[in-house]
Engineer: 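Encoded as structure tokens, here's the structure I'll be asking about.
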Amino acid sequence: MIQKIEETSKNDVINLSLDTIQIGKQALVFVNSKRSAEKCAEDVARKRPKDDSLNELRESALKALPKPTKQCERLANCIEKGIAFHHAGLHHLQKELIEDNFRTGKIKIICCTTTMAAGVDLPAFRSIIRDVKRFSQRGMDYIPTIEYHQAAGRAGRPGMEDFGEAIIICKDQEAKEEAIERYVHGEPEKIFSKLAVEPVLRTYLLSLIVSKITSSKEKVLEFFSKTFWAHHYQDMDELERIINKVLEMLKKWGFVEDKKSEFISACDINEEKLIATDLGKRISQLYIDPLTAYHLIKGLKNADKFVEDFQLLNLISNTLEMRPLLRVKVSEAENYEDFIAKHEDEFLMEIPNYFEHEYSAFLNSIKTTRMFMDWIDEEDENFLLEKYNIRPGETRYKIEKADWLLYGLKEISMILDIKWIIKELEKLRIRLKYGVKEELVPLLKLKGIGRVRSRSLFSKGIKTISELKKVDLHRLKDIVGDKTAVNLKKQVGQNEESKNQRL
DNA sequence: GGACGGTGAAACTTCAGGTTGCCTC
DNA sequence: GAAGTTTCACCGTCC
């Protein structure tokens, strides 16, 4: 059935969105980048009148962060017209806000990336798939059929509507035929085992040995031969070669060792036992890729009684876990290269050769490191967005990962008995978590005190716990508010409220 | 004549998502 | 590969 809609603009997404609203329904628009999601939402919003009943919602979106970023403003400006964008760069509060208000019907159109296709269950009358191609390492690739199905599956609300509409936007006849062939008639892709990815294999193999599920090379091979991976791979010789290679690495790095059986039975006369070392056990518990662990250990050994924060942050930025790293633009490269030259002897890892492929990753790691440095230097999210083009949601995600790696680094230091560095790591973790300078660390031990309050206390001269004890309750109330002030006094062992009541 | 603003073409840049650990009154 | 952004040349207007 061919259905005509009103064309008020050259942009099909705008026409479809406006039509959806006009017939009293909602739509999700799927695009291939965060920037597109934002722009697309703004384009639709521009064609819509402001709705005063959405003022409160607008304010909530704006106030999700202590200080609104440009992204918050853009979102708020869309929301007041019943339109929103949704992607991984949003603060989780904003994501929830958008999802909840789409469910209640206040938000009519969401322009989103794949966050919505996979993770969130938000049905709508229309699923509009604007982009069926997405950037990949090989250039632009069609999105998998399975992903199209997930997006299209959002169309139609069970129990509320008899049907839904999934629409792919095609620029010409050729694109239309391709879309029908690939997505409407196409079979979803077969599922492949992820075990074949080396970091996963390394982690998995180590955990098998740690948990004593497989205690010899033969048993390891036997175990893997029964996996889904082997089923797909079929070539057992090649499989054996890969597993052997990984096993040798684990041994070389000191996470696994061979042990000749002391009680030789008739059946396993030549069997060498595989045993995880203490270090190997801890790494497996920490769920870090063994290669990352090896890289961290090498870095720790290069540190000599004193480390700068940037050295530690750079060490963890050069791990697979931290990827994708922030990308250095052509115009920025010189600046970061200068930084490398200036600190040449200070890195805890070897700097890749300029002509090696890894050099650009190292350059990116410097940018990521400097982003963390700015964060712990108390720059706000808007500054990070402007300088590094990293959005608040991604900033939080990166910080979480960095924190986890620093925790891993601390645990490894404990096993290796490198005691002096542990305090440094603990301090850095606090600074990274809250995004503060070192001077605020003592105040952050208190409950109810974070980045903002610790800074205002500090700037009013309250810099330590003992100074907090000395300060008058009324003055404290002026700085952090009534409830927090009382709470703080309680925490430092002064129950000021009961004292006041007694007076 | 110079400052300024508007316009459009060319050059340049950038491009999804998101698991894991520990502690504590 | 393509959308989106930035840069730059060009032109017209105004003081």
Side-chain angles (χ1 to χ4, degrees), chain A residues 11 13 30-43 70 74 85-90 92 95 111-120 129-144 146-148 150-151 169 171-172 175 194 197 199-200 202-204 206-207 281-290 292-293 319-333 364 367 386 388-391 393-412 414 422 425-426 429-430 433 445-448 487 490-493:
Chain A
N11 183 327
V13 171
F30 293 91
V31 297
N32 64 6
S33 73
K34 293 191 269 268
R35 201 160 60 176
S36 288
E38 293 178 13
K39 172 139 192 314
C40 183
E42 281 178 328
D43 286 346
K70 275 204 174 146
R74 293 177 76 180
F85 53 84
H86 189 290
H87 55 59
L90 285 184
H92 75 277
K95 278 193 223 169
C111 300
C112 55
T113 55
T114 45
T115 16
M116 215 56 126
V120 196
I129 294 113
R130 192 196 72 173
D131 301 327
V132 286
K133 281 185 171 181
R134 189 196 302 137
F135 177 82
S136 75
Q137 268 148 1
R138 291 185 300 270
M140 290 302 266
D141 261 350
Y142 280 98
I143 58 167
I146 206 163
E147 204 174 297
Y148 162 77
Q150 274 172 332
I169 295 186
K171 64 174 195 297
D172 51 32
K194 287 216 169 118
V197 183
V200 180
R202 284 192 291 255
T203 310
Y204 201 54
L206 181 60
S207 84
K281 282 179 197 160
R282 194 73 191 105
I283 283 156
S284 179
Q285 284 168 353
L286 290 167
Y287 217 85
I288 302 178
D289 175 1
T292 296
T319 58
L320 285 178
E321 282 88 344
M322 224 40 232
R323 292 195 186 184
L325 296 165
L326 300 186
R327 277 175 52 183
V328 172
K329 293 184 203 165
V330 179
S331 56
E332 297 170 333
N364 289 343
K367 184 170 178 178
E386 302 270 299
Y388 300 101
N389 191 27
I390 183 169
R391 294 169 169 82
E394 297 160 302
T395 314
R396 294 270 30 130
Y397 187 69
K398 283 260 179 287
I399 289 169
E400 234 171 72
K401 277 210 162 164
D403 181 55
W404 169 55
L405 285 166
L406 285 175
Y407 171 74
L409 195 55
K410 188 188 100 180
E411 292 295 305
I412 292 172
M414 278 157 86
I422 293 168
L425 286 164
E426 274 171 357
R429 279 187 72 200
I430 295 177
K433 187 175 167 197
K445 293 191 178 103
L446 296 158
K447 243 186 168 177
N487 193 355
K490 256 188 211 164
Q491 287 185 63
V492 295

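No hydrogens, no waters, no symmetry mates; every other heavy atom, side chains included, goes into these values. Naming convention: chains lettered A, B, ... in sequence-line order (proteins, then strands); numbering from 1 in each chain.
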Engineer: OP1 or OP2 of B:dG17 sitting under 4.0 Å from any side-chain N/O of A:Thr113?
Structural biologist: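 For A:Thr113, the contact criterion (side-chain N or O under 4.0 Å from OP1 or OP2 of B:dG17) is met.
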Engineer: Base, sugar-phosphate, or nothing for A:Thr114, non-hydrogen atoms under 4.0 angstrom?
Structural biologist: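 A:Thr114: base contact, heavy atoms under 4.0 Å.
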Engineer: Quick one: on DNA chain B, does A:Tyr407 or A:Lys398 contact a more 5' nucleotide (nearest heavy atom)?
Structural biologist: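 Going by which nucleotide is closer to the 5' end, it is A:Lys398.
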Engineer: Passes salt bridge (charged side-chain N to carboxylate O under 4.0 Å, His left out), A:Arg391 versus A:Glu38? Steps please.
Structural biologist: CA-CA 12 Å; A:Arg391 294 169 169 82; A:Glu38 293 178 13; 3.0 Å; yes
Engineer: Taking atom P in both C:dG4 and B:dA16, what distance in whole Å separates the two?
Structural biologist: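 One P to the other, the span is 12 Å.
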Engineer: Which of the following nucleotides, B:dT13, B:dT19, B:dG21, is nearest to the side chain of A:Arg429?
Structural biologist: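 Nearest to the side-chain atoms of A:Arg429, counting from C-beta on, is B:dG21.
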Engineer: Please check if the side chain of A:Lys401 supplies one atom and the backbone of A:Glu321 the other of a donor-acceptor pair under 3.5 Å.
Structural biologist: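 At least one qualifying donor-acceptor pair exists.
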Engineer: Which of these, A:Arg74, A:Lys34, A:Lys39, sits in a side-chain contact (heavy atoms from CB on, under 4.5 Å) with A:Phe85?
Structural biologist: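 It is A:Arg74; the other options fail the test.
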Engineer: Can you list everything that forms a salt bridge (Lys or Arg N to Asp or Glu O under 4.0 Å) with A:Lys70? Sequence neighbours excluded, please.
Structural biologist: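 Partners of A:Lys70 by the salt bridge (Lys or Arg N to Asp or Glu O under 4.0 Å) criterion, ordered by chain and then number, come out as A:Glu386.
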Engineer: Checking side-chain contact (heavy atoms from CB on, under 4.5 Å) between A:Phe30 and each of A:Ile129, A:Ile143, A:Ile169, which is the one that passes?
Structural biologist: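 It is A:Ile129, the one option of A:Ile129, A:Ile143, A:Ile169 that forms the side-chain contact (heavy atoms from CB on, under 4.5 Å) with A:Phe30.
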Engineer: Kindly compute the distance separating CG (A:Leu286) from OG1 (A:Thr292), expressed to the nearest 0.5 Å.
Structural biologist: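 Taking CG in A:Leu286 and OG1 in A:Thr292, the distance rounds to 11.5 Å.
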Engineer: Which nucleotide, if any, forms a Watson-Crick or G-U wobble pair with B:dT14, using both distances under 3.5 Å?
Structural biologist: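 B:dT14 is paired with C:dA2.
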Engineer: May I ask you to say what A:Asp141 touches in the nucleic acid, namely base, sugar-phosphate or nothing, with a heavy-atom cut-off under 4.0 Å?
Structural biologist: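 Result for A:Asp141 = nothing.
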Engineer: Given atom NZ of A:Lys433 and atom C1' of B:dG21, what is their separation to the nearest angstrom?
Structural biologist: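 In whole Å, B:dG21 C1' lies 13 Å from A:Lys433 NZ.
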Engineer: Could you check how far CD1 of A:Ile422 sits from P of B:dC23, rounded to whole Å?
Structural biologist: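 Those two atoms, CD1 and P, are 15 Å apart.
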Engineer: What are the 5'-most and 3'-most nucleotides of DNA chain C lying under 4.0 Å from any heavy atom of chain A?
Structural biologist: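 Counting from the 5' end, contacts occupy C:dG1 to C:dT5.
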Engineer: Say you pick atom P in C:dA2 and the same atom in B:dG18; how far apart are they, in whole Å?
Structural biologist: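 Roughly 27 Å separates the two P atoms.
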Engineer: Round to the nearest Å and state the distance from A:Phe135 atom CZ to B:dC12 atom P.
Structural biologist: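 In whole Å, B:dC12 P lies 18 Å from A:Phe135 CZ.
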Engineer: I'd like to check, for A:Tyr287, whether its ring lies over the base of B:dG21 with centroids under 5.5 Å apart and a plane angle smaller than 30°.
Structural biologist: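 No.
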Engineer: B:dC15 phosphate, OP1 or OP2: any side-chain N/O from A:Lys34 under 4.0 angstrom?
Structural biologist: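 Negative; the distance criterion is not met.
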Engineer: Does A:Asn389 make a side-chain N or O approach to OP1 or OP2 of B:dC15 shorter than 4.0 Å?
Structural biologist: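 Yes, such a contact exists.
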Engineer: Can you sort out the partners of A:Arg35 under salt bridge (Lys or Arg N to Asp or Glu O under 4.0 Å), two or more places apart, ordered by chain and number?
Structural biologist: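 With neighbours one apart ignored, the set is empty.
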Engineer: Looking at B:dT19, B:dA16, B:dT13, which one has an atom nearest to any side-chain atom of A:Glu147?
Structural biologist: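 Out of B:dT19, B:dA16, B:dT13, the nucleotide with an atom closest to A:Glu147's side chain is B:dA16.
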